[in-house]
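Following: one structure in structure tokens, then a few remarks.
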Amino acid sequence: MTAMNAMSPVTVPRVLVARQVFPEVVARLRLHFDVCSNDDDDAWSRAQLIERLQGCAGAFITTGERIDAALLDACPDLRAVCTLAVGYNNIDVAACTARGVLVSNAPDVLTETTADLGFALMMAAARRMSEAERSLRRGEWTRWSVDQFCGQDVFGATLGILGMGRIGQAIARRGALGFGMKVVYHNRSRLPDDQEAPLGARWVSKLELLREADHLVLVLPYSPASHHAIGAAELAEMKPTATLTNIARGGIVDDAALAVALRQGVIAAAGLDVYENEPALHPALLELPNVVLLPHIGSASRPTRLAMANLAADNLIAALTGGAPPTVLNPEVLPRG
Ligand code: DGY
């Protein structure tokens with residue numbers, strides 16, 4: 001599409017919105033761009049994604065589209081890739097930077113919503129909520145009994161957090177301030193004292209974390225370094241009464257090893273929102289009573305998802321109209337000065 005002014009023709013950049021997003025966000029993008037939007041939310045193959053990106057200067061993506069060197073080479077007009085997620089393990093940022101392609105993600109706006117879900121999932125696993133509800137729905141609740149669905153306490157227990165970024169700290173706040181939990185964490189870098197102190201949070205080694213946590217919550221980014229950070233060996237270090245909650249990314253947990261550990265009582269229960277090959281699940285997980293399974297809904301409240309989409313739009317608009325993208329991951333590609 002070409003808009004004309006009195007002096008010269010101005011080419012309106014073309015952008016692709018790879019998944020269905022909120023119409024009001026697409027409408028905002030249409031004020032600036034020629035937008036091709038996947039409004040039917042069709043499942044595009046990689047070849048279809050590349051085909052639709054031809055001639056596009058911008059890509060508005062989610063967690064499912066893989067942006068790597070081969071795709072970038074096949075889409076030479078691309079200048080900005082903006083994801084509505086905070087996690088960006090599906091984007092090869094170095095390959096983008098090498099080609100001058102700006103990358104942005106959507107941090108902060110989802111922190112509290114995702115922490116809420118993480119805490120709820122941890123509680124559901126500890127208190128066997130899904131298992132109890134499934135039993136009730138099957139009509140098995142015929143009388144109250146003293147040891148029925150007895151789980152683990154959350155209040156006053158030791159909350160372990162692997163990955164103490166913004167979401168990890170928000171979960172720690174909930175545990176420490178709302179539930180009187182002791183907080184231990186492991187992270188590449190230790191928090192400054194003034195952030196640790198209000199939470200009573202204590203940095204420990206990964207092994208100490210595994211051994212001390214009553215409830216271990218994973219909130220670290222996925223990378224080759226964190227692949228299978230929790231496998232059979234790590235699970236074996238945990239308490240048999242412990243729970244494990246993963247709201248970070250599939251692949252951080254070895255799902256097959258976790259299924260074996262849950263079946264054998266190596267740990268008591270798990271809560272999972274993300275999976276190694278999602279949306280496919282390891283079949284063994286589906287057979288187990290002591291795991292709460294959610295379909296990657298950590299940030300899924302309407303206001304938060306809308307804020308994430310608007311932030312991605314802010315980034316895309318700024319990136320392609322000479323503005324300052326608010327949450328750019330590779331600022332080195334921005335024009336200097
Ligand atoms: C993220 O933002 O990374 C979430 O996983 C998507 O909800």
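The basis for the numbers below is simple: all heavy atoms, side chains too, and nothing from hydrogens, waters or symmetry mates. Numbers here simply count residues along the sequence, with the first being 1. In this text, all values refer to a predicted model and were calculated from it rather than measured experimentally. Order of listing sets the numbers, starting from 1, for every ligand and every atom in it.
- Counted within 6.0 Å of CZ on R174, heavy atoms from surrounding residues, nucleotides or ligands total more than 12; the atom is thus considered enclosed.
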In sequence, state the C-alpha distance, the side-chain angles, and the governing distance for E212 and R202, and then conclude on salt bridge (charged side-chain N to carboxylate O under 4.0 Å, His left out). CA-CA 11 Å; E212 286 185 30; R202 190 162 52 87; 2.6 Å; yes
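- Each of A85, V86, G87, L110, R249, H296, S299, R305, M308 has a non-hydrogen atom positioned under 4.0 Å from some atom of ligand 1.
- Here E133 pairs with R137 in a salt bridge; the nearest charged N to carboxylate O distance falls below 4.0 Å.
- Contact check on D68 versus R46 returns a salt bridge, with a Lys/Arg side-chain nitrogen under 4.0 Å from an Asp/Glu carboxylate oxygen.
- Between M164 and the options L220, V219, V183, a side chain to side chain contact (heavy atoms under 4.5 Å, CB included) holds for only V183.
- Ring-plane geometry between H186 and W203 is classed as tilted, the angle between the planes lying from 30 to 60 degrees on a 0 to 90 degree scale.
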